[in-house]
*Asks:* 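Below: one structure in structure tokens.
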Amino acid sequence: MALTLGWRGPLVGALLAVVMVTLPGALVVARVAPRDRAEAVVVAVGLSVVTWMLVAHVLLSLRWWQPRLVVAASAAALALGRTVAAASGRPAGRVARLRAGWSAGLRAVGWWQPLVLALALVVWAVSLPAIELDGLGDWGLVTELPALWFVALGGAVAVAMLAALRQRPSAGQVAMAIGAVLVIVYATVPLVSTTLRYPWTYKHLGVVRLLDETGRLHPDVDIYNNFSGMFGLAALVRGATGVDPEAYAAWSQLVGQALITLAAWVVVRRATGDVRVAHLSAVVLVLVDWVGQNYFSAQVLGTFLATAVLAMVVSWFTVPGSRRVPLLEGLLARLGPPAPSASLDRSPPPAPAARVVSARRWAVAATGLALAGTHALTASVTVLVVLALLVVGWVRDLRMVGALVAAVAIGMARAWPYFASRGADLGFGGSVASNVAGNVHAVDPPRVVELVGLISKAFAVSVWALAVLGAVIGTRAGRRLGLAAVLAGVPFVMPLVQSYGGEAIYRVYLYALPGVTALAAVALVELGGRFGRGIAVAAGLVLAAGFVVVHYGRELQNHVDPSEVAIQEALAARPEPVLIGANFGDWTPADLSARYPMIQFSETWTPNISDELDPASAVPLVDQLDPIADDLLGLTDGSVYVTLGPGMIEVLHQTGSLPIASVDEALELLTSSQRFVVVTRIGDSALLRVTR
């Protein structure tokens, strides 16, 4: 009704967000016969998002961009369908059972846990005004967080660990505690910062704005227009409601990580057959996912869709035994998936009807199609995991596997012309050592920055070591951990074939988390059972401390100064029809405007002056500027501008690549050449024009 009346704004956007994550998934979820409430939510949200994503893609592909009309009509049709379904009573029995189970879980929550969590959140809220982002040092946000903030996080983590380790844990208790941890970790920066965390977020805003304002895809512009799932979805919201993603992008980490954690819980619950392991793995997942790919990006949606696909496959299509590898049949039988009764704590369910199996196959394929249209690498690794399960015989439904592979292939095929025009360069090759080296190439970093890097590596290795320990002691205890081992191990194949732009090792860590956290949770459950729950709680607190350092230790460069956003907007507002926006250094909120294809030089390379300056050369830095200006002007017949901001200086500081300590010092260097003229200065940032 609001859209039909032409209403726009945050309230309408919030209402549409509710619709997009609930419908039509809530209408069709009963057809797949979900085995518990968590699975029902994951499937319903996944299928709802998939549907709206496909709507956006069709409109953009047809170049018939009428988002308000189409969304209003679709929402009305879904509302009618929901009314008819409620009147017919077909899903009422299952929905009633799910509601009753949820109510029982809430009643099982004791009085002390909500009190402690509420107190932790109050303490956290009180600590927020003391956080000053302007005073960030080499330790990032770590040294700016007040003691009360750490007390709040520690209290919430301790409650979550204790709730998960109970002999008969309550899902309601664990969910509330994990929710508190998520809020403390991921709501802090949005509440204290006026800008979005992580400069690359602004590029994604530019893609969404480009799609909405032009009403079509631009497959020749960049990779994002070829894998536009998340961007098209956000453009649909923007076009229908007028709500720009800048208004909500800061909360992507909180919402995205919550959905990913829920989907991973389903995976671990089915893979291990132990509810305590599933609960504890969810807590651990929140505490060890430090890679930072849950910001407003295609990766966060891709990770949720991939985990949802794995949840469906593991829950619906895995079988305990294996006859695919005769020489290892006995071993695989001992390691294989637990019987369905083990994961449901009751007698084995009856075999699903043919129509249910068919609906489940469609659900997997549809989610896989959307995943392939969102993030190709994530889709590829997900398919590889499913194929590995097929090879060992723990998945035998060839129709489901074939449908998933075909859907992913179709989703990726539309991007082939883009790759073909670039020589079909998919990034394969390179040595394993270079592929796992990462993308940070510091020349002479400060000691603290180098220490944060070492702690990050040690943290990742410690998480993997805890998983290995869980695999060893869990297998000796008779646990069936083969599924978890496959989920954790298959992503490690990736560095054998490519570097993914220097980020292969980070993606390995991310993709392996469902299996790694499952095995780590087994270790904590077994150790807690032998030596007391205090061991597991202490481990959780140590993981939380490590997470804070490795996640917030780089906040000095991840924080975006408001002046940097303003200067990029000033660049986008320049009247020239053709121009190049170069940067003094790397790591800036560039390409935030729908005009970005006319500003950036190419999708893979933006000229950075700092890359061309050589402090070790016998030629003074100022004398190196004229050749750089000539090179920049040679790229275009139009105008060339250079942006300068504090984030660029911080990157130079952390890598030790140039002896420049401030924006003023960099500005003094540039203006010492007559080829660089200041156009405007906004706060700590500046826009300069390169003259001939």
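The structure presented is a predicted model; accordingly, all values stated were derived computationally and were not measured.
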*Asks:* Does the ring centre of Y186 sit less than 6.0 Å away from the ring centre of H551?
*Replies:*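 Distance test on ring centres: under 6.0 Å, yes.
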*Asks:* Do the non-hydrogen side-chain atoms of H204 and Y295 ever get within less than 4.5 Å of each other?
*Replies:*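 In contact.
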*Asks:* Would a 4.5 Å heavy-atom cut-off, applied to side chains only, mark L47 and V29 as touching?
*Replies:*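 With C-beta onward as the side chain, the pair stays apart.
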*Asks:* Taking side chain to side chain contact (heavy atoms under 4.5 Å, CB included) as the test, write out the residues that go with T378, two or more places apart.
*Replies:*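 Here the qualifying residues are Q299, A306, L371, H375, T382, Y511.
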*Asks:* So, the side chain of S252 versus the backbone of A249: is there a donor-acceptor pair under 3.5 Å, distance only?
*Replies:*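 Yes; at least one donor-acceptor contact below 3.5 Å.
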*Asks:* Verify the ring-centre separation between Y509 and W290: is it less than 6.0 angstrom?
*Replies:*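 They qualify: ring centres under 6.0 Å apart.
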*Asks:* Taking the ring centre of each residue, are F492 and W464 less than 6.0 Å apart?
*Replies:*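 Distance test on ring centres: under 6.0 Å, yes.
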*Asks:* What distance separates F296 CZ from Y198 OH, expressed to the nearest 0.5 Å?
*Replies:*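 Those atoms lie 14.5 Å apart.
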*Asks:* Can you tell if the side chain of F317 reaches within under 4.5 Å of the side chain of L404, non-hydrogen atoms only?
*Replies:*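 They are not in contact (no side-chain heavy atoms under 4.5 Å apart), so the answer is no.
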*Asks:* Tell me, do R269 and H279 make a side-chain contact under 4.5 Å, heavy atoms counted?
*Replies:*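 With C-beta onward as the side chain, the pair stays apart.
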*Asks:* Are the side chain of S358 and the backbone of A354 linked by a donor-acceptor contact shorter than 3.5 Å?
*Replies:*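 Not confirmed, S358 side chain does not pair with A354 backbone.
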*Asks:* Between the side chains of E39 and W316, does any donor sit under 3.5 Å from an acceptor?
*Replies:*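 There is such a pair (donor and acceptor under 3.5 Å, judged by atom type) between the side chains of E39 and W316.
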*Asks:* Has W362 got more than 12 heavy atoms of other residues, nucleotides or ligands less than 6.0 Å from its CH2?
*Replies:*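 No, CH2 of W362 has 12 or fewer neighbouring heavy atoms, counting only those of other groups under 6.0 Å.
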*Asks:* Donor-acceptor pairs under 3.5 Å, side chain of residues 514-524 to any protein atom, not counting sequence neighbours: which ones?
*Replies:*
unit_1, atom_1, unit_2, atom_2, d
T517, OG1, L513, O, 2.6
T517, OG1, P514, O, 3.2

*Asks:* How about R360 and P352: do any of their side-chain heavy atoms sit closer than 4.5 Å?
*Replies:*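 Counting from C-beta outward, R360 and P352 do come under 4.5 Å.
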*Asks:* Between D274 and R480, is there a salt bridge with N-O shorter than 4.0 Å?
*Replies:*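 No, this pair does not count.
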*Asks:* With side chain to side chain contact (heavy atoms under 4.5 Å, CB included) as the test, would you mind laying out the steps for R533 and R166 before giving the verdict?
*Replies:* CA-CA 9 Å; R533 288 186 293 178; R166 291 178 58 185; 3.9 Å; yes
*Asks:* Give a yes or no on whether the backbone of G482 and the side-chain of W394 come within a donor-acceptor separation of less than 3.5 Å.
*Replies:*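 A pair under 3.5 Å: no.
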*Asks:* After noting the C-alpha distance and the side-chain angles of R507 and Q293, does the key distance pass the side chain to side chain contact (heavy atoms under 4.5 Å, CB included) rule?
*Replies:* CA-CA 9 Å; R507 291 306 194 277; Q293 291 302 306; 3.2 Å; yes
